[in-house]
Amino acid sequence: MQTIHQRLSVISGFMLLLVVLIANTVITRQRLSVQAKNQGWVIRTRQVRFELSETESLLKDAETGQRGFLYTGDPKYLQPYNAAVSQLPSHLDRLAQLTIDNPTQKVRIQPLRKLTDEKLREMARTISLYRAGRLDDARLLVLSDIGKLRMDDIRALVTTMQDEETQLETSRSEAYERSVRTTIASVYFSSAIAILGLAIVAYYILREIEFRERHTRQLEEREEWFRMTLTSLGDAVIATDQHGKVTFLNTVAEDLIGTSRARADGQAIEAVFPIFNEVTHKVVENPVARVVAEGRIVGLANHTVLRNTAGTMIPIEDSAAPLRDARGKLVGVVLVFRDASIERRTQEVLRKTEKLAAAARLSATIAHEINNPLEAIGNLLYLAKGEVETSSIAREHLAMAEDELERISHITRQTLGFYRESKLPSSIDLPELVESVLRIHSNKFNTKNITVQRDFAECPPIYGLAGELKQVMANLISNAADAVAIGGTIRVGLECLETPRGQFVHVTVEDDGPGIAEKHRAHIFEPFFTTKKDVGTGLGLWVSKEIVDRHGGTIQVASRDESGASGAVFHVNLPLSSVAEN
C-alpha cells in the first residue's frame, strides 16, 4: 500500500510539474507574441520616421538642385530634382501604408502629398521657364517666396508627424520593454518552478531508490537466509521456476545427483532429476510437471529410484509443492527428496528377522518333535553295534551313523535352547574332520563323478567344538558338490599361516562350478539369501559364518579368476588358540 502511495505521489508530482510547465509555456508564448508585436510597432514607427525624413530630404535636395540649375544652367544640378520626382511617390505610398492603422497620421498624409505635389510643380515651372529662356520670370518666381512657404508648410507637417511618431515610439518602446521584462520573469518563474519540481521529484526518486535498495537488501538477506536454511537441511532440495527449469540445488541434492548447482542451473528438471520405476525401470512422470499442471502438493509413487550422473540407481522418497507469490500466482516448484537406501535395507533386515523368528519357532517345533525319535534311533544303533555277527565295515558305518546322529541331536538341542556346552573345547584334527565330511558326501561325489583333490599340509590341532566345525565343513563341501557339473572337481586345502594376529589354520574349499557373481558376494552370508533356485534355504552359509565367528576366525568368498565367471573359493581361517563360546 505504501509503495502504491509513493508511486501515486511521484506521478502526481510529475503531472503537476507538467501542467505548470505547459501553462508557463503558453504564457511565455503569449508574452513573446506581445513582445514581437510591440517590437513590430516600434520598428514601424521608426520606418514612418525614416520615410518622413527621406521625403523631407528628397524635397530639400530637389530644391537645392533646382537653384543650382537656375544659377548655372548646368543640367547635372537637376539630378537630385529628378531623383526626388521619381522617388517621392513611392515614399509617400509607403507612408500611407505604414500609417493606415493610425487615423491621425492617416489624415495628415493627404495634405503632405498635396504640398509635395505643389512644391514639385513649382520647381518644375521654374525649370521650364529657365529652359524657355525666360530667366527673369523664373527668377521672379523663385523670389516670390511661394516655394519657400510651401517648403515651410511641408517641414511643419513633417515635424508634426515626426513628433507624433516619436511619442508613439516612446510608448511602444516602453510596452516592448515591459513585454521583455514580463517574458524574462515568466522564464525565471518557469525555471524556478521546474527546478523546485525537479528537486521534489529527485527527492522522491532518491527516497524511492533508497527504499528499493533497502528492500532489495532485505530480500537478499532473506534469500540468503532461506538458501542457508535449505542448504543446511538433511534432505535434498531442488527448486524450479514455473516452466520446470532448475533454479536451486542444495548440497545434499548435488551429492545425490552427482552434479553442481552451476551445471544444473537453467536445465529442465527431467534432465537433472531422472527417475524410474525400481521394478520395471520405466521412466516415471516427474512430480514437478504434475505440480505445475495441478497446482497442488504431489508425492512420488512407491519403488521410485533416481539415476545419478554415475548411472547408480538410488531409491528415493520425495514430494513436490508449488511456490506462490503474494498474489497466489504459481512462480515455481520446490522438490524435497531423500535417499531411502538405509530404510530399504532396514526394512529388508526386519523382514529377514521376522523370517528368522518364524523359522526359529518352526525349527524349535520340529526339533522338539524329532528329538525323541532320534534318541530311539541312537539306542537301536547301539544295539546293532553289539550284535556278534556284525562285520567290521558295518560297525564302521554304524559308528559314522552314530556320529552323524549325535550331530543331529546336538543341533536339535541347540534349536530347542536346551543345549549348553558343558565340556571345554577339545583338540580337533582338521584333516581327520574334513575326511569324515568327505566320506559322508562320497555317495554324491560318486553319483556326479566328482573328483576331490586334497592338499593337506602339516598343521597342529586346533581347539574348538568339533560338531560345529564339522557342520561348517559339511556346508561348504555340500555347496561345492551342488555347484560343480558332472565330472567336476573340488579341491580342499589345509595350511598353517603366520599373521600379526597369531597362528591360523587356513582351510580352502574350491570348486570349478559357475562361480558367484560379484553383486551377490556382499550378500552371500546373509540369512535366506541363496543363489540355488528352488533348492537352497539361504541359512547354511549364514550359520557357518556364525560358527566361524564364535571360534574367533574369518570366512570369505572369492572367485577362481578375475572375471568371476568360473568357480568359487571359500577361505576359512581358524586360530590355533581358539576358544569357542559356550
Side-chain angles (χ1 to χ4, degrees), residues 407 410-411 414 421 423-441 452-484 489-513 515-518 520-527 529-531 538-562 564 566-582:
R407 189 164 69 88
H410 174 79
I411 294 172
Q414 280 184 316
E421 189 67 52
K423 57 184 178 179
L424 295 175
S426 62
S427 177
I428 302 172
D429 185 358
L430 277 181
E432 182 180 346
L433 185 144
V434 172
E435 284 291 351
S436 66
V437 174
L438 292 174
R439 286 196 298 271
I440 294 171
H441 292 85
V452 179
Q453 298 177 352
R454 297 168 176 79
D455 186 8
F456 297 165
E458 291 292 333
C459 293
I462 67 169
Y463 288 87
L465 301 177
E468 292 188 351
L469 294 180
K470 193 173 183 178
Q471 184 177 354
V472 172
M473 295 298 109
N475 287 336
L476 296 180
I477 292 171
S478 177
N479 286 343
D482 291 336
V484 299
T489 301
I490 297 174
R491 176 184 170 276
V492 182
L494 294 173
E495 62 178 330
C496 291
L497 296 178
E498 289 285 344
T499 69
R501 295 174 53 198
Q503 289 186 323
F504 286 82
V505 175
H506 180 63
V507 183
T508 304
V509 179
E510 179 180 340
D511 64 71
D512 61 356
I516 300 174
E518 185 178 357
H520 293 152
R521 292 177 198 166
H523 308 285
I524 200 69
F525 296 107
E526 294 179 1
F529 182 85
T530 180
T531 59
L539 295 175
L541 290 178
W542 173 63
V543 171
S544 299
K545 188 177 187 306
E546 292 288 325
I547 293 173
V548 173
D549 289 343
R550 283 202 300 270
H551 282 76
T554 60
I555 181 171
Q556 294 176 335
V557 63
S559 178
R560 291 179 62 189
D561 56 22
E562 294 182 357
S566 176
V569 183
F570 284 88
H571 300 277
V572 180
N573 291 325
L574 295 171
L576 292 177
S577 59
S578 173
V579 177
E581 298 178 355
N582 292 333

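Below, each value reflects all heavy atoms present in this structure, side chains not excepted, and no hydrogens, waters or symmetry copies. Not measured: the values here are computed from a predicted model.
- At a threshold of 4.5 Å between non-hydrogen side-chain atoms, the residues Thr489 and Val484 do not count as touching.
- One distance of note links CZ of Arg501 with CG of Asn573; it measures 8.5 Å at 0.5 Å rounding.
- A distance of 6.0 Å separates CG in Leu430 from CG in Leu494, rounded to the nearest 0.5 Å.
- A search for side chain to side chain donor-acceptor pair (under 3.5 Å) contacts involving Glu458 returns nothing, not counting sequence neighbours.
- With sequence neighbours left out, the side chain to side chain donor-acceptor pair (under 3.5 Å) criterion links His441 to no other residue.
- Taking every heavy atom of both residues into account, Val509 and Ala480 meet most closely at CG1-CB, 4.2 Å.
- Between Phe456 and Val434, some side-chain heavy-atom pair lies under the 4.5 Å cut-off.
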Audit row: Leu574, Leu469, side-chain contact (heavy atoms from CB on, under 4.5 Å) steps and yes/no | CA-CA 10 Å; Leu574 295 171; Leu469 294 180; 4.1 Å; yes

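- Put simply, the side chain of His551 gets close to the backbone of Leu465: a donor and an acceptor are under 3.5 Å apart.
- At a threshold of 4.5 Å between non-hydrogen side-chain atoms, the residues Arg454 and Leu438 count as touching.
- Interatomic distance, CD of Glu546 versus CD of Glu468, reported as 10.5 Å (0.5 Å rounding).
- With Ser478 contributing its side chain and Asn475 its backbone, the two residues share no donor-acceptor pair below 3.5 Å.
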Apply side-chain contact (heavy atoms from CB on, under 4.5 Å) to Leu476 and Val507, showing your working.
-> CA-CA 11 Å; Leu476 296 180; Val507 183; 5.9 Å; no

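- Ile462 CD1 to Leu433 CG: the interatomic distance, rounded to the nearest 0.5 Å, is 8.0 Å.
- Considering all non-hydrogen atoms of both residues, Cys459 and Cys496 come closest at SG-SG, 2.8 Å.
- Every residue two or more places apart in sequence or in another chain was checked for a side chain to side chain donor-acceptor pair (under 3.5 Å) with Asp429, and none qualifies.
- Classified by interplanar angle (parallel below 30°, tilted 30° to 60°, perpendicular above 60°), the ring pair Phe525/Phe570 is perpendicular.
- The NZ atom of Lys470 sits 9.5 Å away from the CD atom of Glu432 when rounded to the nearest 0.5 Å.
- In this structure, CZ in Arg491 is found 12.5 Å from CG in Asp512, a value given to the nearest 0.5 Å.
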